[in-house]
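Single-structure report; data block below.
Proteins get letters first, then strands, A, B, ... in listed order; numbering begins at 1 in each.
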Amino acid sequence: AQKVTQAQTEISVVEKEDVTLDCVYETRDTTYYLFWYKQPPSGELVFLIRRNSFDEQNEISGRYSWNFQKSTSSFNFTITASQVVDSAVYFCALSEADKLVFGAGTILRVKS
Amino acid sequence: DAGVIQSPRHEVTEMGQEVTLRCKPISGHNSLFWYRQTMMRGLELLIYFNNNVPIDDSGMPEDRFSAKMPNASFSTLKIQPSEPRDSAVYFCASSEIPVPTDTQYFGPGTRLTVL
């Protein structure tokens with residue numbers, strides 16, 4: 001069965017610090033997709049990124065970057081120069097052939 | 001373009017009452033998903049539809065839960081009778097391509113409280 005582990009339950013940083021959210025996954029398939037979603041205090045789930053298992057290139061989008069390493073089954077998310085508006089719960093998710101499975105989430109608190 | 005629309009946003013009801021949650025997926029999307037989020041169990045997939053047909057309902061907790069998708073633009077999740085342990089946030093999501101690996105876009109959720 002597929003599994004997603006986000007070992008960091010909660011992280012607190014001060015504004016402008018860089019922060020990395022860890023995600024480790026387990027799967028037996030060679031073809032799969034990884035996702036990150038953001039859940040701000042307002043409660044909605046916002047899609048951030050989708051990455052397939054054949055594309056190990058790191059991705060950068062503004063202050064966000066993602067590091068995908070198949071060798072360690074990790075798909076980590078870094079926020080550079082964090083801002084208070086980044087405060088949210090961040091979910092990593094894995095999709096194989098049948099369904100999308102979410103990790104437990106990491107609560108990020110950015111203090112001014 | 002409008003995103004996924006869910007109604008109501010908040011629902012408070014008493015144990016034993018019937019509850020109906022509604023969802024309108026993004027136009028042109030062919031898959032629709034219902035999730036439940038609780039502190040204890042996180043985000044769980046309840047059921048999903050491809051082209052209006054239920055594909056996997058293994059996540060539906062018990063017979064008190066039922067879901068329908070009568071057409072491509074509307075789905076309901078019904079709980080009858082409701083119980084306090086059903087209190088949760090229920091999300092609807094949709095994706096364009098009918099495979100679970102496609103990106104799912106979520107609605108704002110319905111916060112259900114059963115007293």
**Report entry** Gly43(A) backbone acceptor or donor facing Arg111(B) side chain under 3.5 Å
**Finding:** no
Query raised in the report: CG/Leu45(A) to CD/Gln104(B) distance, rounded to the nearest 0.5 angstrom?
Result: 10.5 Å
Query raised in the report: Rounded to the nearest 0.5 Å, how far does CD of Glu44(B) lie from NZ of Lys99(A)?
Result: 10.0 Å
Query - Inter-residue atom distance Tyr105(B).OH - Glu44(A).CD, 0.5 Å rounding - result: 15.0 Å
Query - Heavy-atom proximity to chain B below 4.5 Å, by part of Tyr37(A) - result: side chain
**Report entry** Greater than 12 external heavy atoms within 6.0 Å of Arg63(A)'s CZ
**Finding:** yes
**Report entry** Spacing of Thr101(B) atom OG1 and Leu94(A) atom CG [to the nearest 0.5 Å]
**Finding:** 11.0 Å
Query - Heavy atoms from other residues, nucleotides or ligands near NZ of Lys70(A) exceed 12 (cutoff 6.0 Å) - result: yes
Requested in this report: Dump the intermediate steps for side-chain contact (heavy atoms from CB on, under 4.5 Å) on Gln39(A) and Phe106(B), then the final yes or no.
Outcome: CA-CA 11 Å; Gln39(A) 187 172 37; Phe106(B) 284 75; over 6 Å; no
**Report entry** Side chain to side chain, Tyr35(B) and Phe102(A), heavy atoms closer than 4.5 Å
**Finding:** yes
Query raised in the report: With hydrophobic residues grouped by side-chain heavy-atom distances under 4.5 Å, do Phe65(B) and Leu32(B) end up in a single group?
Result: yes
Query raised in the report: Do Val110(A) and Ile79(A) share a hydrophobic cluster (ILVMFWY, side-chain heavy atoms under 4.5 Å, transitive)?
Result: yes
Query raised in the report: Can you hop from Tyr48(B) to Phe35(A) via hydrophobic side chains spaced under 4.5 Å?
Result: yes
Query raised in the report: Taking atom CD of Glu62(B) as the centre, does the number of heavy atoms from other residues, nucleotides or ligands within less than 6.0 Å exceed 12?
Result: yes
Query - Lys38(A), NZ: over 12 other non-hydrogen atoms inside 6.0 angstrom - result: yes
Query raised in the report: For Ser95(B), is it the side chain, the backbone, both, or neither that has a heavy atom closer than 4.5 Å to a heavy atom of chain A?
Result: neither
Query raised in the report: Are any of the side-chain heavy atoms of Phe91(A) and Gln37(B) separated by less than 4.5 Å?
Result: yes
